[in-house]
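Atoms within a ligand are numbered from 1 in the order they appear, just like the ligands themselves.
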Amino acid sequence: MTKKTPRIEIDLAKIAHNVRTLIESYGAKGIRSFIGVTKGVCGDPVIARVFRKNGISILADSRIENFQRMEEAGIRGPFLLLRLPTLSEVEAVVGHTEYSLNSEISVIRGLSEAALKNNTVHKVILMVELGDLREGVMPQDLEAITEEVLPLKGVKLVGIGSNLGCYGGVEPDDKNMSLLSSLAQGLEKKYRLQLQFVSIGCSNTFTWLKAVQKTKRIDNVRVGDALLLGGRDLKEHGIPGLYYDAFTLIAEVIEAKTKPSVPWGEIGLDAFGSIPKFEDRGEMRRLILNIGRQDFFFTLIYPRVDIEILGASSDHLLADGRRTGLQVGDEVAFDLDYGAMLVAMTSPYVQKIYLNSEGYL
Ligand SMILES: *Cc1c(COP(=O)(O)O)cnc(C)c1O
């Protein structure tokens, strides 16, 4: 494939290393099964294959379209839907996935009916709210919903789970993790169940994991960010021993000129509806690169050379290039955060190039 800009280069050897390392670290503390999350890369089939090849069996995503994309590339389930299913989409959920995370009985009833029509049994993990205030039933309501789910013929309750650090920023700690463990043990005892999963997420579970001896009844984890970017967005800035730079965004300089640092003329709104503010720093060597907000999130990319990002419009990135000798035609590489990786992987304008595919696919 001829390389062009903008492009994202994805080092499969680094992702494979992250997958194997994390499975081992979590495994040492009692996590028996590991779910690989592909939503940060839109269900990219090449990356999904690297996950599979290095020990992950269940692939999880938040969108049905991403499972379809993997299926079209020949990747088979088991798949797990992360985002709570919509009531209007239960047929598709049952058709494309084996597992889903749930918290609403009306949807679980819908899944059960759809599964019966399809002659299958769909596997359900009930989410429990532990304080982050995204999905999940309140702990005191877990038994009531369990009693409604158990009689349904088209679904099987295979686990309970929780999600922390995605909305409220709540960290996993001994208190909330012990509560999840004891809720699971309570359900198993009261209803004579053997839960396949007591599942936690996301990548921020690693900090807690490091601090504990054993994870008690918790035996499953759902992780994406840490596999792809080494958890570089986490509070403690990454997980030691992982690669943070498996993804590189590359853009090209399309103008390099010395100009003033403040615009002149009548100032109105910018293209995104706000009034721009500028600090006078005298003349500077201004660079324009061929990426914009349609391709990435400009607050979340970090140049690997010494340029300073000034701003971006839909298709242009403006940077102060005084400390470099960059010329028109030069390429500039950037590290990405999760949000920037997600946008770049979603943009059809950003070419995807896979590095080190030998042995990792
Ligand atoms: C996104 C998501 C994960 C994985 O989160 P990462 O931060 O990418 O590790 C796990 N569980 C649920 C429910 C999610 O939505």
Side-chain angles (χ1 to χ4, degrees), residues 15 18-19 21-23 25-26 31 33-44 47-48 50-51 56 58-67 78-86 93 97 99-104 107 123-137 158-172 176-177 180 197-210 218-239 242-244 246-247 300 336-346:
I15 296 175
N18 288 354
V19 173
T21 309
L22 273 183
I23 291 180
S25 318
Y26 276 92
I31 299 293
S33 58
F34 197 100
I35 294 175
V37 173
T38 55
K39 71 184 181 203
V41 292
C42 311
D44 184 290
I47 295 170
V50 175
F51 282 8
I56 289 173
I58 301 178
L59 298 172
D61 206 290
S62 45
R63 295 172 193 258
I64 298 287
E65 290 85 348
N66 292 345
F67 294 119
F79 292 138
L80 178 146
L81 182 65
L82 293 165
R83 187 167 66 183
L84 304 176
T86 57
V93 175
T97 70
Y99 298 91
S100 58
L101 306 182
N102 286 274
S103 68
E104 289 288 350
V107 176
K123 298 179 183 125
V124 164
I125 295 171
L126 281 177
M127 294 301 274
V128 184
E129 174 62 68
L130 294 181
D132 197 52
L133 290 182
R134 209 178 69 180
E135 70 272 53
V137 300
V158 296
I160 66 169
S162 75
N163 199 58
L164 290 172
C166 276
Y167 176 71
V170 174
E171 303 275 337
N176 50 37
M177 293 290 97
L180 186 69
F197 300 125
V198 181
S199 179
I200 56 171
C202 332
S203 296
N204 69 355
T205 53
F206 192 82
T207 316
W208 169 75
L209 182 97
K210 240 181 8 189
I218 293 165
D219 60 5
N220 174 270
V221 73
R222 311 176 306 275
V223 168
D225 180 25
L227 301 174
L228 302 164
L229 292 174
R232 60 173 291 150
D233 301 349
L234 303 181
K235 203 168 73 186
E236 294 191 2
H237 302 300
I239 297 175
L242 299 189
Y243 288 108
Y244 313 139
F247 292 76
L300 296 171
L336 299 149
D337 268 11
Y338 193 83
M341 172 189 69
L342 175 66
V343 179
M345 291 303 286
T346 308

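Given atom 1 (C) of ligand 1, the protein heavy atom at minimum distance is K39 NZ, 1.4 Å. The nearest heavy-atom contact from the protein to atom 12 (C) of ligand 1 is N163 OD1, 3.4 Å. Counting protein heavy atoms only, atom 11 (N) of ligand 1 is closest to R222 NE, 2.9 Å. The protein heavy atom nearest to atom 9 (O) of ligand 1 is S203 OG, 2.5 Å. Of all protein heavy atoms, the one closest to atom 5 (O) of ligand 1 is C202 CB, 2.9 Å. Scanning all protein heavy atoms for the shortest distance to atom 8 (O) of ligand 1 gives D225 N, 2.8 Å.
Using the six-membered ring where Trp is involved, F79 and F67 have ring planes that are tilted, between 30° and 60° apart.
Taking CG of L59 as the reference point, atom OG1 of T38 lies at 6.0 Å (rounded to 0.5 Å). Atom CG of L130 is separated from atom CG of L164 by 5.5 Å, given to the nearest 0.5 angstrom. Rounding to the nearest 0.5 Å gives a distance of 9.5 Å between SG of C166 and CG of L82.
Shown here is E104, whose CD atom has no more than 12 heavy atoms of other residues, nucleotides or ligands within 6.0 Å.
Atoms of ligand 1 lying under 4.0 Å from at least one heavy atom of V223, given by number and element, are 9 (O). Close contacts between ligand 1 and V37 involve ligand atoms 4 (C) [criterion: under 4.0 Å to a heavy atom].
Side-chain N or O atoms of D61 include none that pairs as donor or acceptor with a backbone N or O of V41 at under 3.5 Å. The main-chain N or O of I239 is found under 3.5 Å from a side-chain atom of Y244 such that the two form a donor-acceptor pair.
Only side-chain heavy atoms of L101 come within less than 4.0 Å of ligand 1; its backbone N, CA, C and O stay farther off. Of all the heavy atoms of R134, the ones lying under 4.0 Å from any atom of ligand 1 belong exclusively to the side chain.
Distances shorter than 4.0 angstrom occur between a heavy atom of E135 and an atom of ligand 1.
T205 and Y26 are linked by a side-chain donor-acceptor pair at a separation below 3.5 angstrom, with hydrogens and angles left out of the test.
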